[in-house]
Each structure stands twice: as structure tokens, then as C-alpha cells.
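Given the structure is predicted, the values throughout are model-derived calculations rather than measurements.
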Amino acid sequence: QVQLVESGGGLVQAGGSLRLSCAASGRSFSTLAMGWFRQAPGKERDFVTAINWSGGSTSYADSVKGRFTISRDNAKNTVYLQMNSLKSEDTAVYYCAASLGLKVPTRTYEYNYWGQGTQVTVSS
């Protein structure tokens with residue numbers, strides 16, 4: 001089992017920045033690929049970004065490329081999402097997820113474990 005706890009969400013003005021963190025426990029973190037998804041009210045859960053076990057490979061949704069950056073610190077069992085130039089359309093609950101695979105998963109069904117989510121609200 002893997003437990004994931006997100007933090008760092010909040011209210012920010014458009015154009016601002018936030019950094020989300022996701023702390024993992026229960027399994028060797030360095031064996032996990034990690035991802036971030038988001039879900040706005042009334043919408044499906046969408047892929048945002050993912051990173052492989054070593055941090056050497058990443059993937060981003062087109063909507064966040066150039067604005068968001070995923071990173072991980074295997075010594076701290078934590079994955080981060082740096083979000084810059086935030087827009088109102090970035091408003092959503094952001095979920096951290098862990099996958100037992102070695103690639104960079106982009107689909108929800110490829111993930112084995114999920115956090116509870118953290119709310120990000122961007123005011124325009």
C-alpha cells in the first residue's frame with residue numbers, strides 16, 4: 001500500500017504561482033512513477049503531468065506546458081508541482097497519484113494509488 005498526502009493548495013490571483021507537494025509513504029518511493037491530475041466541478045479527472053521513478057522522464061498536458069513543472073526528491077519521498085502563470089481555468093482539485101510502472105503514465109487507470117486532493121482556486 002502507498003499513502004499519498006497532498007499539500008500546498010489555496011487561493012491565488014491569476015498570474016500567480018503555487019507549489020503543490022505530495023508526500024508518499026508505505027512503499028519504496030523510488031520504485032514509483034508519480035503523476036498529478038486535476039478535476040474541476042462537473043468535469044472528468046484530467047492528466048496534468050507525470051514523472052518516472054528517477055525523474056529523468058516527464059510528460060505534460062498541452063494546457064500546462066511551459067507553466068507547470070513536476071519534480072521529485074526520492075530522499076524525501078516527495079513529488080512537487082510548481083505552477084506558474086496560473087489562469088482561472090487551472091482552478092480544480094489537484095490529485096497526486098502513484099503508479100507501480102516504470103514509464104510515465106498519463107491515464108487514470110494506469111495509476112494504483114491516489115491522494116485525497118488539494119483545492120487550487122485561481123481568481124481572475
Side-chain angles (χ1 to χ4, degrees):
Q1 289 292 327
V2 175
Q3 293 77 44
L4 302 172
V5 179
E6 303 98 334
S7 61
L11 174 64
V12 63
Q13 289 188 333
S17 298
L18 278 176
R19 188 176 83 154
L20 306 183
S21 300
C22 174
S25 62
R27 185 185 176 97
S28 179
F29 182 70
S30 61
T31 67
L32 302 170
M34 301 297 296
W36 288 95
F37 289 74
R38 65 187 181 186
Q39 189 167 18
K43 296 190 177 181
E44 294 184 349
R45 190 169 297 189
D46 292 331
F47 171 74
V48 176
T49 181
I51 190 167
N52 76 331
W53 67 275
S54 68
S57 182
T58 59
S59 179
Y60 293 91
D62 287 344
S63 59
V64 306
K65 280 181 181 176
R67 300 189 298 123
F68 290 12
T69 303
I70 190 171
S71 62
R72 66 188 296 158
D73 185 338
N74 286 347
K76 295 183 177 180
N77 293 348
T78 302
V79 63
Y80 304 98
L81 179 61
Q82 179 66 44
M83 305 185 293
N84 298 329
S85 302
L86 283 161
K87 307 175 182 179
S88 57
E89 51 263 45
D90 295 318
T91 295
V93 176
Y94 283 70
Y95 295 91
C96 173
S99 171
L100 299 175
L102 297 179
K103 56 180 180 177
V104 183
T106 63
R107 309 293 179 90
T108 56
Y109 64 80
E110 295 180 294
Y111 285 85
N112 306 93
Y113 305 99
W114 293 84
Q116 293 300 306
T118 185
Q119 176 70 47
V120 172
T121 303
V122 184
S123 63
S124 56

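- In this structure the side chain of Asp90 never reaches within 4.5 angstrom of the side chain of Met83, judged on heavy atoms.
- Distance alone, capped at 3.5 Å, places no donor-acceptor pair between the Thr118 side chain and the Tyr94 backbone.
- Arg38 places a side-chain heavy atom less than 4.5 Å from the side chain of Ser63.
- Using a 4.5 Å heavy-atom cutoff, the side chains of Leu32 and Val79 are not in contact.
- Separation of atoms CG (Asn77) and OG (Ser28) is listed at 7.5 Å; rounding is to 0.5 Å.
- Side-chain atoms of Glu6 come within 3.5 Å of backbone N or O of Gly117 as a donor-acceptor pair.
- Each ring pair (Phe, Tyr, Trp, His ring centres under 6.0 Å) pair with one or both residues in residues 43-81, not counting sequence neighbours, appears once here: Phe37-Phe47.
- To the nearest 0.5 Å, atom CG of residue Asn74 and atom OG of residue Ser54 are 8.0 Å apart.
- There is no path of hydrophobic side-chain contacts, each under 4.5 Å, that joins Val93 to Leu20.
- Judged purely by atom type and a 3.5 angstrom limit, Thr49 uses its side chain to pair as donor or acceptor with the backbone of Ser59.
- Taking both residues in full, the closest heavy atoms of Thr58 and Val104 are given as C-CG1, 4.1 Å, listed atom of the first, atom of the second, then distance.
- Closest approach of Ala98 and Met34 over heavy atoms only: CB-SD, 3.6 Å.
- For the atom pair CG of Leu18 and CD of Gln82, the computed distance is 8.5 Å after rounding to the nearest 0.5 Å.
- Summarising the geometry of Ala14 relative to Ser124, their closest heavy-atom pair is CB-CA, 4.2 Å, with the distance given to 0.1 Å.
- The closest side-chain heavy-atom distance from Gln119 to Thr91 is below 4.5 Å.
- Counting heavy atoms from C-beta outward, Cys96 and Trp36 have side chains that approach closer than 4.5 Å.
- Remark: the backbone N or O of Gly55 is not paired with any side-chain donor or acceptor of Arg72 at under 3.5 angstrom.
- Side chains of Asn112 and Val2 form no contact here, defined as non-hydrogen atoms less than 4.5 Å apart.
- Closest approach of Gln116 to Tyr95, counting heavy atoms only: O-CE2, 3.4 Å.
- For the pair Tyr113 (side chain) and Leu4 (backbone), a donor-acceptor distance under 3.5 Å is absent.
- At least one donor-acceptor pair under 3.5 Å links the side chain of Ser99 to the backbone N or O of Glu110.
- Between the side chain of Asn52 and the main chain of Ser57, a donor-acceptor pair closer than 3.5 Å is present.
- Of all the heavy atoms in Ala50 and Tyr111, the pair that sits closest is CB-OH, 3.3 Å.
- Connection of Phe29 to Leu100 is established within a shared hydrophobic cluster, with ILVMFWY side chains joined at heavy-atom distances below 4.5 Å, either directly or through further cluster members.
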